[in-house]
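Chain letters run A, B, ... following the sequence lines, proteins first, then strands; residues in each count from 1. The model shown is predicted, which means the values in this text are computed figures rather than measured ones.
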Amino acid sequence: MANKFDINIRAEQEYAVLETEGYLNDALGEQLSQKAQDLIEKGYTQLVINLAKTALINSIGISILIEIIEALDEREGTLNFCGLSATQERTFRMMAIAKYAGIFPDEKTAVADFQ
Amino acid sequence: MSVANTFSNDQVLLTIPMLPDMELAAANLASFIAESMSFSDEQIEEIQYAMIESCINAFEHSRSPDQNVFIEYIIRADELEFKITDQGVGFSPENRPVRQNGQQDLYPEMRKRGWGLEIIHALMDKVDIRSGENGTTISMVKKKTNEGS
């Protein structure tokens, strides 16, 4: 079953935004993790993951998001999420992700948190 | 895609092979049925997430020889019931890892995985798991709320 997905990156001077599109499963999660790791290695410690175009996430995808949180935490960085649906936010809070990453309604507020 | 759909009054049957992303087929059918019953958008999303996790649970853990998952969608006036069945080795639901909300350490490996059943319990109104040496059936019910009408 074809799952079309994509990741768009907008790297600014102080932060970068990774915008996912499609079902966030292990495949998209691994791609996202690799791109986040590339940004971290370039020195970015403030990342936003925009999930507005990702309608569905599975628990494997979420586990990979946790790995990104951990990778940033090692650099004393910050990961903010935005564009979550109600169920996504509820799931993130249940899994305690909200304790270690920011959750914001949109990209603007997620980026503003870095200021 | 080896999928068989059978409509029978208030029941829909779907068989999906344990292949990548086939859980989306099960979730999309659940969404279609729930939407036709006027469940709210949020409830439909909750159903999709629970269905995805139920299928993934079977894919990852059942070790089913036929590599299929059988799904019943049972339509009632005010609720939808889903029965997700595999013919695998079974497991003990009582032995699943239990976490307290928000109180776990960030780093232990176990924390990243094993959330599927907890997500299902959190998102559905009623969940029952029957598991034995001939396989596992997860039954889950979503009741239609007034807001969803």
Q: Test side chain to side chain contact (heavy atoms under 4.5 Å, CB included) on A:T87 and B:Q48 and set out the steps.
A: CA-CA 10 Å; A:T87 304; B:Q48 287 183 294; over 6 Å; no
Q: Are B:I33 and B:M124 grouped together when hydrophobic residues (ILVMFWY) are joined by side-chain heavy atoms under 4.5 angstrom apart?
A: yes
Q: Quick one: does A:R90's side chain have a donor or acceptor within less than 3.5 Å of a partner on B:E46's backbone?
A: no
Q: Please report the C-alpha distance between B:W115 and A:I62 in whole Å, then the side-chain angles of each, then the deciding distance to 0.1 Å, and finally whether the side chain to side chain contact (heavy atoms under 4.5 Å, CB included) criterion is met.
A: CA-CA 10 Å; B:W115 282 98; A:I62 296 176; over 6 Å; no
Q: Membership question, hydrophobic clusters at under 4.5 Å side-chain separation (ILVMFWY): are B:I75 and B:I71 in the same one?
A: yes
Q: Treating Ile, Leu, Val, Met, Phe, Trp and Tyr as nodes and any side-chain heavy-atom pair under 4.5 angstrom as an edge, say whether B:I119 and B:V141 lie in one connected cluster.
A: no
Q: Cluster question for you: counting only ILVMFWY and a side-chain heavy-atom cut-off of under 4.5 Å, with indirect links fine, are A:I64 and B:I52 together?
A: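 Per the 4.5 Å side-chain linkage, A:I64 and B:I52 are not co-clustered.
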Q: Evaluate whether atom CZ of A:R10 has more than 12 neighbouring non-hydrogen atoms of other residues, nucleotides or ligands under 6.0 angstrom away.
A: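 Enclosed.
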Q: Side chain, backbone, both or neither: which part of A:A98 has an atom under 4.5 Å from a heavy atom of chain B?
A: neither
Q: Where on A:I57 is there a heavy atom nearer than 4.5 Å to chain B: the side chain, the backbone, both, or neither?
A: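 Both parts, backbone and side chain.
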Q: Nearest 0.5 Å, what's the CD-CE distance between B:E118 and A:M95?
A: 8.5 Å
Q: State which residue, out of A:L56, A:N25, A:N58, fulfils the side chain to side chain contact (heavy atoms under 4.5 Å, CB included) condition with B:L24.
A: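 Looking at A:L56, A:N25, A:N58, the match for B:L24 under the side chain to side chain contact (heavy atoms under 4.5 Å, CB included) is A:L56.
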Q: Drop me the distance from B:I56's CD1 to A:D26's CG, to the nearest 0.5 angstrom.
A: 8.0 Å
Q: Is it the case that more than 12 heavy atoms not belonging to B:D41 sit under 6.0 Å from its CG atom?
A: no
Q: Go through the atoms of B:E42 and report whether side chain, backbone, both or neither lie under 4.5 Å from a heavy atom of chain A.
A: both
Q: Side-chain heavy atoms nearer than 4.5 Å, only ILVMFWY residues, links allowed to pass through others: does that put A:L84 and A:V17 together?
A: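 Result: no, two separate clusters.
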Q: If every non-hydrogen atom of A:M94 is compared with every non-hydrogen atom of B:A122, which pair is closest and at what distance?
A: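 Reported closest heavy-atom pair: SD-CB, 3.4 Å.
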